[in-house]
Amino acid sequence: MYDTPKVENDVATTDIKISAHGCQVYYGDTHAIKDVDIDIEDTTVTAFIGPSGCGKSTFLRCLNRMNDTIDVCRVEGDIKIDGEDIYDPKVDPVQLRAKVGMVFQKPNPFPKSIYDNIAYGPRIHGLAKSKSDLDDIVESALRRAAIWDEVKDRLLAPGTGLSGGQQQRLCIARAVATEPEVLLMDEPCSALDPIATAQVEELIDELRGQYSVVIVTHSMQQAARVSQKTAFFHLGNLVEYGDTGQIFTNPQDQRTESYITGRIG
Ligand SMILES: Nc1ncnc2c1ncn2[C@@H]1O[C@H](COP(=O)(O)OP(=O)(O)OP(=O)(O)O)[C@@H](O)[C@H]1O
Ligand SMILES: [Mg+2]
């Protein structure tokens with residue numbers, strides 16, 4: 001259904017980071033994800049697009065077991081990261097989520113100070129040797145999320161006191177502070193103005209150097225700007241997956257074409 005990694009001009013394409021096969025998700029009787037197979041590459045930005053309710057967030061949440069926290073939700077199939085089954089009973093979901101960070105559709109800062117929102121993860125995972133180490137991690141994460149200048153004079157103020165767009169950038173800073181290997185972003189820019197959106201897109205591009213980034217977006221322009229691979233979902237099916245340029249200029253499936261030309265969704 002989609003391209004398998006190829007060797008072109010003697011250069012192997014990027015390694016596979018996440019591999020899902022036969023993935024099904026049910027909420028009670030609702031079959032929200034239907035037999036999805038996908039190989040997501042390392043050091044690549046992959047965009048998930050598709051109409052509202054097609055299952056983008058649901059599938060994204062499978063990749064760090066966030067669906068475990070929803071009682072009625074049942075996930076089936078095989079999802080591997082670096083070849084390891086992330087649903088294996090010996091996998092600790094807390095450790096998994098440090099490696100596979102997530103930024104949600106709605107900003108959700110902890111009810112703590114701006115500083116502690118960022119320092120929390122690095123502290124519990126022992127990433128800082130000293131207070132000054134931790135200060136550096138906090139500053140660098142806030143800078144990468146393009147919010148340092150706005151908060152540097154009020155690091156001890158509550159994170160919940162920031163504007164919606166600032167809270168979202170705080171959550172992005174929190175996600176990158178633990179240096180995850182995979183970053184899942186669910187419409188990370190929907191609460192941001194164009195300047196902050198551009199800064200976050202720059203950050204995404206920078207993160208791609210080291211990480212696998214998966215971003216859900218309703219903006220085709222954003223998908224085209226930031227991603228190298230695009231997956232189009234429709235009614236719980238992964239309809240088409242391939243190079244972003246190809247999906248947007250030469251879609252193979254009628255449903256993809258209708259969506260990108262604005263006829264569905
Ligand atoms: N917690 C839940 N309980 C029950 N059903 C759910 C839950 N979350 C999602 N669903 C259902 O699963 C399907 C897929 O929803 P999902 O949120 O994954 O879509 P989406 O593609 O992210 O949509 P949007 O673009 O609007 O965010 C929908 O039919 C939705 O109603
Ligand atoms: Mg969603």
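All of these numbers come straight from a predicted model, not from anything done at the bench. When a ligand or atom number is given, it counts from 1 through the structure's own listing order.
More than 12 heavy atoms of other residues, nucleotides or ligands sit less than 6.0 Å from atom NZ of Lys152.
On a distance-only criterion, Lys56 and ligand 1 share at least one N/O pair closer than 3.5 Å. Below 3.5 Å of separation, one finds an N or O of Cys54 facing an N or O of ligand 1.
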What pairs of donor and acceptor atoms, side-chain ones from residues 175-183 against any protein atom, are under 3.5 angstrom apart with sequence neighbours left out?
| residue | atom | partner | partner atom | Å |
| --- | --- | --- | --- | --- |
| Glu179 | OE1 | Tyr211 | OH | 2.3 |
| Glu181 | OE1 | Lys17 | NZ | 2.7 |

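The number of protein N/O/S atoms found under 2.8 Å from the Mg ion (ligand 2) is 1.
Using a 4.0 Å threshold on non-hydrogen atoms, atom 31 (O) of ligand 1 does not count as touching the protein. For atom 28 (C) of ligand 1, a protein heavy-atom neighbour is present inside the 4.0 Å cut-off.
Nearest protein heavy-atom contact of atom 12 (O) of ligand 1 is Tyr27 CE1, 3.2 Å. Looking only at heavy atoms of the protein, atom 13 (C) of ligand 1 is closest to Gly53 O, 3.7 Å.
Contacts between Thr58 and ligand 1 below 4.0 angstrom, taking non-hydrogen atoms only, involve backbone and side chain alike.
When the heavy-atom distances from atom 22 (O) of ligand 1 to Gly55, Gly236, Ser57, Ser52 are ranked, the shortest goes to Ser57. Closest to atom 25 (O) of ligand 1 by heavy atom, among His218, Arg61, Gln105, is His218.
No side-chain heavy atom of Phe232 sits under 4.5 Å from any side-chain heavy atom of Ile260.
Identified under the salt bridge (charged side-chain N to carboxylate O under 4.0 Å, His left out) test for residues 59-68, with sequence neighbours left out: Arg65-Asp68. The list of side chain to side chain donor-acceptor pair (under 3.5 Å) pairs with a residue in residues 154-165, not counting sequence neighbours, reads Ser163-Gln166.
Judged by distance alone, the side chains of Asp42 and Ser212 never bring a donor and an acceptor atom under 3.5 Å apart.
Not close to ligand 1: Gly50, with no non-hydrogen atom less than 4.0 angstrom away.
Within the listing of ligand 1, atoms 25 (O), 27 (O) sit less than 4.0 angstrom from a heavy atom of Glu187.
A donor-acceptor pair under 3.5 Å is formed between the side chain of Asp193 and the backbone N or O of Ile195. No donor-acceptor pair under 3.5 Å is formed between the side chain of Gln168 and the backbone N or O of Ala191.
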